[in-house]
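Down below is the structure, laid out as structure tokens.
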Amino acid sequence: MPQDIRLLDDEQRALVQMVREFATAEAKPLSIDYEARSEDPKPLYDKLAELGLTGVPFPEERGGGGQPYSTYLLIVEELAAAYLALAIGLSVHTLCAFAINEFGTEDQKKDVLEKLTAGEWFGAYALSEPGSGSDAAALTSKAVRDGDSYRLSGTKVFCTRGDEADVVLVLARTGEAGPKGISSFLVEKGTPGFGGSKKEDKMGWRSSPTWMMSLDDAEVPASRRLADEGNGFKVALASLDSGRLGIAACGIGVAQAAFDEALKFTGEREQFGKPVSANEGVQFMLADMSTAIEAGRRLYRHAAALRDAGLNYSLQAAQAKLFCTDAAMRVTTDAVQLHGGYGYITEYPVERYMREAKALQIVEGTNQIQRYVIGRSLT
Amino acid sequence: MNIVVCVKHIPDPNLPAEMDGKTLKREGVQGVMDPGDEFGVEAGLQIKERLATGDGESGEGEVTLVSMGPAAAMEAVRRGLSMGADKGVLVSDDVLKGSDALATAKVLSAAIQKNGAFDLVIAGVESTDGYTGTLPGTLAEFLGVPHVSTVKEIVSADGGTLKVNRQTADGYHVVEVGLPAVISVTAGVNEPRYASFKGIMAAKKKPVEQLSLSDLDLSGDDVAVKQEVTELSKAEEREGGEIIEDDGSAAAKIADFLKEAKVI
């Protein structure tokens with residue numbers, strides 16, 4: 001059973017149904033081929049734009065949908081259940097747009113955010129570097145002021161759709177060591193000296209391009225600096241809080257997809273003269289899987305409700321990201337187990353889900369970093 | 001051109017059906033707009049859009065959705081409005097619970113007439129829950145207009161005439177019909193659009209008139225159920241099929257089988 005939509009309001013229910021139809025009819029079937037070819041599904045992103053799904057949680061005066069984050073996450077979860085890489089792409093795009101909406105100037109909102117909400121442009125986010133992952137504040141990419149511009153140099157890694165995106169939110173150092181010396185920039189595609197230098201070959205999310213990006217004396221106008229000099233790390237962290245909820249929703253989506261397959265398979269597959277799911281041991285596994293999914297769903301939606309109410313939600317976002325993606329790993333692994341040998345072959349989708357879930361425990365703050373964030377905010 | 005599209009809210013056909021005695025359980029189950037009606041709504045919208053941009057008569061006019069069902073049926077109406085229809089009419093009345101196709105046609109025809117002058121009424125060929133397939137014809141009779149069934153393609157619609165291709169067993173008929181008329185459209189007549197985000201939000205503000213039986217000057221007697229379901233039985237399970245072991249002649253055997261079925 002996919003997410004229960006009975007208690008949603010009319011618009012949310014209609015939205016989820018619309019996304020479900022698109023996901024079932026197009027995203028899911030096409031995902032198989034895109035994944036097999038490791039090809040970015042650009043036409044599907046354009047379809048998301050056409051359906052009005054590229055700016056759902058942003059203000060209507062910026063071309064957005066004016067909807068709460070909770071509603072946006074329902075869409076992400078539904079998409080993730082059909083095609084995780086596509087949901088990830090939307091989540092990263094939204095993360096970039098979020099930063100502009102939150103910290104951008106009027107001109108930046110007009111010139112960049114409005115293109116993002118309309119889906120004319122897609123956004124990406126470049127924080128990690130070869131030498132700084134979890135310790136993001138140790139980044140060494142430099143931005144040096146040069147008249148009305150900055151000149152950026154350095155290397156970014158693990159940038160989702162970095163080379164496909166029309167604009168990338170890039171974090172670079174303008175001052176002292178540590179978090180207070182970091183600034184954020186909106187770097188447009190085609191900027192000389194800026195672009196993808198290596199596309200990573202990955203275990204999963206194969207159709208979600210992951211790039212090493214190089215900044216080779218790339219000139220970025222000072223008007224494209226997002227927030228004041230030295231405030232970049234604040235932008236990065238706020239974006240990650242928001243983005244973590246997207247990843248949590250992705251986790252629940254992929255877990256749900258794996259669970260649905262496992263429930264179906266164990267009901268159809270007969271051994272010893274009865275369906276596999278007639279065995280109590282199997283039922284207990286299914287029970288634990290479905291309970292973890294429902295619990296995770298409540299957790300990320302609670303964090304989203306706090307966010308929508310304007311309350312601090314960093315702690316709950318970290319809890320949700322941690323729980324939902326750990327649950328996704330467990331549920332997808334069990335789904336493979338419940339398929340037996342069939343779970344390990346690519347003819348069935350659960351091995352893909354298991355490979356995909358793994359990345360969710362790593363991105364937007366590893367789950368060890370989430371525990372660190374949680375511990376720090378509790379004590 | 002004023003176009004009316006009949007839409008029905010039915011239990012989600014993708015979920016296992018629950019029975020309430022000899023009728024389908026409709027309350028407390030997840031409902032959707034009948035998938036067959038999406039083709040009707042799309043056909044209505046396409047005709048309106050074609051007239052708005054083409055050289056025919058002007059694009060004046062609107063697409064109105066008409067439905068009968070419990071309060072939850074509003075979801076089907078909203079769904080059609082999200083796709084782009086202009087307004088809706090929903091007839092809800094406790095008396096109508098368990099109505100048969102005849103009573104439904106009577107109610108829908110009254111609601112259509114109350115809505116005002118119409119040029120074209122579109123319905124799906126049959127519902128995905130009851131499958132009687134009798135409603136469009138009955139509706140045309142009550143409305144006193146011609147009926148063209150199983151339309152698989154709408155060729156043109158202007159100058160008070162509609163030209164359509166009508167599916168038959170061997171091919172299709174080309175039919176021209178003077179308007180007003182009722183047509184029933186097959187799945188496949190078009191590719192229904194998704195309700196977009198903007199469409200869903202706009203649907204909130206579109207008018208839906210809610211009517212009871214008395215608003216239509218009908219009484220309980222007028223819509224008394226005349227049809228009785230006497231027995232229900234499960235559809236026969238599909239047989240296992242024939243397995244051809246390949247001893248070198250399998251391809252020929254399959255070809256013979258397909259020839260016999262007149263597929264090739």
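So that the names make sense, note that chain A is the first sequence line, chain B the second, and so on, each numbered from 1.
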Count the heavy atoms belonging to other residues, nucleotides or ligands that lie under 6.0 Å from [atom1] of [X], then report whether that count exceeds 12.
X      : atom1 : result
A:K42  : NZ    : yes
B:I264 : CD1   : yes
A:D9   : CG    : yes
B:E245 : CD    : no

Q.
Counting C-beta onward and ignoring hydrogens, is there a side-chain heavy-atom pair between A:Q17 and B:Q30 closer than 4.5 Å?
A. yes
Q) Quick one: do A:E11 and B:R78 make a salt bridge, cutoff under 4.0 Å? A) no
Q.
Between B:E75 and A:R6, does any NZ, NE, NH1 or NH2 come within less than 4.0 Å of an OD or OE carboxylate oxygen?
A. no
**Q.** Those residues of residues 184-211 of chain B, ordered by number, that approach chain A below 4.5 Å (heavy atom to heavy atom)
**A.** B:Y194, B:A195, B:S196, B:F197, B:I200, B:M201, B:K204
Q.
Counting heavy-atom pairs closer than 4.5 Å to chain B, which one of A:I75, A:L53, A:L15 comes out on top?
A. A:L15
